[in-house]
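Values reported hereafter were calculated over all heavy atoms of this structure, with side chains retained and with hydrogens, waters and symmetry mates removed. A, B, ... follow the sequence lines: proteins, then strands. Residue 1 opens every chain.
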Amino acid sequence: MITRTRYNPKEIEEKWQAQWEAEQLYHAPDDSPKPKFYNLVMLPYPSGDLHIGHWYNFAPADAYGRFIRRHGYNVMQPIGFDAFGLPAENAAISRGVQARTWTLANIETMRRQLRRMGAAWDWEREIISCLPDYYKWTEWLFLQFYKHGLAYRTKAPANWCPSCNTTLANEQVLADGACERCGSQVIRKEIDQWLLKITNYAEELLDFSKIEWPEKTVTMQRNWIGRSEGAEIRFYTEINGQREEIPVFTTRPDTIYGVTFFVLAPEHPMVEKITTPEHQAEVDAYVDQARHMTEIERMSTEKEKTGVFTGGYVTNPVSGEQVPVWIADYVLMGYGSGAIMGVPAHDQRDFEFACKFGIPIREVIRPAGEEPSDADTWTEAKVALGVMVNSGPFDGTPAEEAIATVTRYVEEQGIGKFMVSYRLRDWLISRQRYWGSPIPIVYCPTHGTVPVPEDQLPVILPENVAFKPTGESPLRYEPDFVNTTCPICGGPATRETDTLDTFLCSSWYFLRYADPHNEQQAWSQEAMKRWLPVDQYIGGPEHAVLHLMYARFFIKALRDMGYLDFDEPFTRLYHQGMVLGPDGQKMSKSHGNVVAPDEYVEKYSTDAVRCYLMFMGPFDQGGTFRPDNLEGIWRFLNRFWNLVTESWIDNPTGEETGESKAIERLRNKTIKRVTEDLSSFRFNTALAALMECNNALIKQQNEPVARSKAYRDTLETMIELLAPMAPYITEELWHLTGHTGSVHISEWPTYDEALTRDETFTLVVQVNGKVRERIEVAAGTSEGEIRMMALDNPRVASFIGDATVQKVVYVPERLVNIVVRNE
RNA sequence: GGGGCGGUGGCGAAAUGGUAGACGCAGGAGACUUAAAAUCUCCGGGAUGGUGAGUCCGUGAGGGUUCGAUUCCCUCCCGCCCUACCA
């Protein structure tokens, strides 16, 4: 027996939150006999506020996890915090609070917000990457990479942000050369740094055959790795009577006879040797100028080509011709060999360079059927493949064979070889910052670089540090941290004071969720077997090439070290869209259009906000947050609440029956629609189906059928179907209608395919493709009868008139199209 | 420059070869109310029509394939996102 009540979100949300936690309803036990499903969202940074973007990611992901769980899976849906990183440090500098204190306070706030969201998080598995029980294993992982030769230290040009006083990965520098975090202009600087050899895995990372990922993400990773096939050809010169070779990488060895100049990157070691005294000053000035630019600036295509002649010459090993050597910043030290052969006729960049500096342009490739022309009159390079011309013994080699022929030739002559080059570069992981995982390395005057023994991990990050605007890690000024003893000889030694890129922390956190409290190991083999890989990963497309590639690299490297036995971390991946501010612009503080979800949770309810975000439009497309539209969901939830409670009041026992076939059909159709929609992340149409069902039931609320068992069953089914999206209201209604267990562990409703079909259907009759009549026809009527009905229909007949019927197209249960022609 | 996604009522959208606009917002009219809010009922692409049955037009523009195109193909326009001297 229930009494009439109003939908009171605050009351029921708090009640069920407490109840679920007391029951540990969302804990995924390690010993369940059910099949596992690992449903993962990207762990948030603890900024101290769970913003609308988090909601848009997490709420639908949660609905999906809940949906899967109802199909009998042991769903693991963990949450944690990516807690190292710059904002904490900036807060420490600007407000004088400790980074750790600030971070942990933020985590506390976000935990509250995450709970209120009503997602089925398994809090037992929470991880916080800035706490020693987690970063101990991040350090341990670094040591494994080091021991297996995948971590190395070298002097490397680094992107350096003068404002943040830190190095940045290429990926963290914006296209205009600005720092991703603070927007200041990034410069280049050479310092000793640690890198991981992700390039060892370039080839394997190009294999996406074992994962179901969005095509666009696969494409982005493929482009990022940037594999190109070509040849290395060694040009040579003589300096002080010594033969010196300078290799170039080219994808177009067939253009070798078109080489009219040679370019070195300004940082190329040969620059010093090859420059003649009379060009020294000019070259020095240019090199110096290049150093002050970031790689991003240098790569800007907008910029006009610059460069200077070194005075030196090299010999083309194929043609024997001597060409001048220039230096120019459009040649990058980090790609290929840092030197190129200039072929202005057939490469646009070389063409622009040659035009600017008056270097000859020589045509050596001619597309089939094209007439010879004067290269000096060209306005752009001819980059298409073609027959080799002006190429000595190679003249006449057809387009299809040209590249292979020249490659084979240079191999035979021992002056070059076939080569694959990648755009991908090693991953720079050193950060001259305090708030990150320490790098467990000690520098000993006698033994050099010594890894901290594993039994001495973790190297603890000191908690009280002084920040100085020196550009070096504050750790450098912590004598208790810096000064240590050598693990080998026990003599005085110093610690590495750089910390690890936070992308390292997030490259393995999903492994730790499977075994979060293990004090002996980063993870156990049993935990890996039980939970990994991740079945469904949901997060923003902005991580397509950073996090998602680093994580793939980690899994492959750890597999090769023997710590894992699978190849890919995330089997299926889905990218949600972006929520825009009410003005349709990207949300940002400067625009003043940031939406705070808490405000709407307060005004309406958690369920309303969750459902609104899912109803907004397709999940992968995002959309504009329109506060007015929340009204619609709010009304729906209230109307549903009222319908259920009133129905149970009016008909407490539910024993009466009546003509209810139509209701049964509605129930089955709705189950089918919602099930199919949720399976493919179409939350918007799933909710629309539930609204339609609700509207249909409300229409019949005062009719006898409302007292039927079928009507009540349909309402119960609706509670069950809505539960993944609106967990609180459905749980309350589930109990109000007499159930005892949680709706969230009830079995997902099933439907009878036969009952999803109506007894009649509307037959559309077209004449020449235009709708002319609609006829209600009983299901199962034969095709012959239907054709007859259509042709005999008086309205249809009037449109046919005297014309001759050419053809009658019949689409079962849908339409008849009568094709006629006037004589 | 390259790659991707998108363009449908006043607005968010639905329909992926078969009734265009489901569902929802905003709006209008009415009911209830002393009144307002809430709630409920009805209306709603455009043109045309004794504004009645109906007819014609309509999914960014143009063309094509098809009995039939929002959906597939080609050309173009616009918007957003990613990427960018990678030899």
Checklist outcome for this item: pair_partner(B/C80), Watson-Crick or wobble, both distances < 3.5 Å, evaluates to B/G4
Item to check | Euclidean distance for C1', B/G18 against B/U66 (whole angstrom) | outcome: 12 Å
Checklist entry - If you check every side-chain atom of A/Val771, which of B/A20, B/C23, B/C82 has the closest atom? => result B/A20
Next on the checklist: Does the Lys NZ or Arg CZ of A/Lys305 fall within the cation-pi geometry relative to A/Phe353 - under 6.0 Å from the ring centre and within 45° of the axis?
Outcome noted: no
Checklist entry - If we take the P atom in both B/G58 and B/G64, what is their distance in whole Å? => result 14 Å
Checklist entry - To the side chain of A/Gln621, which of B/G18, B/G6, B/G24 is closest? => result B/G6
Item to check | Pairwise C1' distance for B/U8 and B/G3, with rounding to whole Å | outcome: 26 Å
Checklist entry - With respect to the phosphate group of B/C40, does any side-chain polar atom (N or O) of A/Asn642 fall under 4.0 Å of OP1 or OP2? => result no
Item to check | Protein-nucleotide distance (A/Asp758, atom CG; B/U19, atom C1'), rounded to Å | outcome: 15 Å
Next on the checklist: Please check if the number of heavy atoms outside A/Lys417 that lie under 6.0 Å from its NZ is greater than 12.
Outcome noted: no
Checklist entry - What does A/Phe761 touch in the nucleic acid at a heavy-atom separation under 4.0 angstrom: a base, only the sugar-phosphate, or nothing? => result nothing
Checklist entry - Contact class for A/Asn817 vs. all strands (heavy atom < 4.0 Å): base, sugar-phosphate, or nothing? => result base
Next on the checklist: Quick check on RNA chain B: between A/Asn629 and A/Lys586, whose nearest nucleotide comes earlier from the 5' end?
Outcome noted: A/Asn629
Checklist entry - Which nucleotide sits closest to the side chain of A/Trp224: B/U55, B/U83, B/G18? => result B/U83
Next on the checklist: Under a 3.5 Å cutoff, is there a donor and acceptor pairing between the side chains of A/Thr306 and A/Tyr286?
Outcome noted: yes
Checklist entry - Just checking A/Pro541: base, sugar-phosphate only, or nothing, at a heavy-atom cut-off of under 4.0 Å? => result nothing
Checklist entry - Taking a pair as Watson-Crick or G-U wobble with both distances under 3.5 Å, which nucleotide is matched to B/U75? => result B/A61
Checklist entry - Partner of B/G17 by Watson-Crick or G-U wobble geometry, both contacts under 3.5 Å, or none? => result none
Checklist entry - With a 4.0 Å cut-off on heavy atoms, is A/Asn638 in touch with a base, just the backbone sugar-phosphate, or nothing at all? => result nothing
Checklist entry - If each of A/Gly336 and A/Val811 is mapped to the nucleotide of RNA chain B with the nearest heavy atom, which maps nearer the 5' terminus, i.e. the 5' end? => result A/Val811
Item to check | Minimum-distance nucleotide to A/Arg423 side chain [options: B/A87, B/U83, B/G4] | outcome: B/U83
Next on the checklist: If you compare every side-chain N and O of A/Asn684 against the phosphate oxygens of B/A14 (OP1, OP2), does one of them come in below 4.0 Å?
Outcome noted: yes
Checklist entry - Between A/Phe681 and A/Tyr574, what is the ring plane arrangement, given parallel below 30°, perpendicular above 60°, and tilted in between? => result tilted
Next on the checklist: Over 60° means perpendicular and under 30° means parallel, so tell me whether A/Tyr612 and A/Phe625 are parallel, tilted or perpendicular.
Outcome noted: perpendicular
Next on the checklist: Distance check, C1' atoms only: B/C81 and B/A87, in whole angstrom units.
Outcome noted: 28 Å
Checklist entry - Watson-Crick or G-U wobble partner for B/A69, using a 3.5 Å limit on both distances? => result none
Item to check | B/G63 versus B/C57 - spacing of their P atoms, nearest Å | outcome: 15 Å
Checklist entry - Looking across every strand, which nucleic acid part, if any, lies under 4.0 Å from A/Glu215 by heavy atom: base, sugar-phosphate, or nothing? => result nothing
Checklist entry - Think A/Arg423 forms a cation-pi with A/Trp224, using NZ or CZ under 6.0 Å from the six-ring centre and within 45 degrees of its axis? => result yes
Next on the checklist: For B/G68 and A/Arg814 - does any side-chain N or O of the residue sit under 4.0 Å from the phosphate oxygens OP1/OP2?
Outcome noted: no
Checklist entry - Is there a Watson-Crick or G-U wobble partner for B/A36 with both distances under 3.5 Å, and if so, which one is it? => result none
Checklist outcome for this item: pair_partner(B/G27), Watson-Crick or wobble, both distances < 3.5 Å, evaluates to B/C43
Checklist outcome for this item: With the side chain defined as heavy atoms from C-beta on, A/Phe615 is closest, among B/C11, B/G24, B/U55, to B/G24
Checklist entry - Within this structure, what is the CG-to-C1' distance between A/Asp620 and B/A13, rounded to whole angstrom? => result 14 Å
Checklist entry - B/U41 and B/G49: how far apart are their P atoms, nearest whole angstrom? => result 35 Å
Item to check | Integer-rounded Å distance: B/G4 P and A/Met578 CE | outcome: 19 Å
Checklist entry - Counting just side-chain N and O atoms, does A/Ser228 come under 4.0 Å of either OP1 or OP2 of B/A87? => result yes
Item to check | Any A/Arg635 side-chain N or O less than 4.0 Å from OP1/OP2 of B/C25 | outcome: yes
Checklist entry - Is the shortest side-chain N/O distance from A/Lys770 to OP1 or OP2 of B/C57 below 4.0 Å? => result yes
Item to check | Counterpart base for B/U48, defined by Watson-Crick or G-U wobble contacts under 3.5 Å | outcome: B/G54
Checklist entry - For B/A22, which nucleotide is its Watson-Crick or G-U wobble mate, given both distances must be under 3.5 Å? => result none
Checklist entry - Looking across every strand, which nucleic acid part, if any, lies under 4.0 Å from A/Val764 by heavy atom: base, sugar-phosphate, or nothing? => result base
Checklist entry - Aromatic rings A/Phe235 and A/Phe262: how do their planes relate, parallel, tilted or perpendicular, breaks at 30° and 60°? => result tilted
Checklist entry - Would you say B/C56 has OP1 or OP2 under 4.0 Å from some side-chain N or O of A/Arg772? => result yes
Checklist entry - Hey, does A/Arg795 reach any base, or is it just sugar-phosphate, or nothing, if we go heavy atoms under 4.0 Å? => result sugar-phosphate
Checklist entry - With rounding to whole Å, what would you report as the distance between B/C43 and B/C5 at their P atoms? => result 40 Å
Next on the checklist: Nearest to the A/Thr219 side chain among B/G3, B/C42, B/G18, which nucleotide is it?
Outcome noted: B/G3
Next on the checklist: Would you measure the distance from the C1' atom in B/G4 across to the matching atom in B/G17 and give it in whole Å?
Outcome noted: 25 Å
Next on the checklist: Is the ring pair A/Trp326/A/Phe357 parallel, tilted or perpendicular, if the boundaries are 30 and 60 degrees?
Outcome noted: tilted
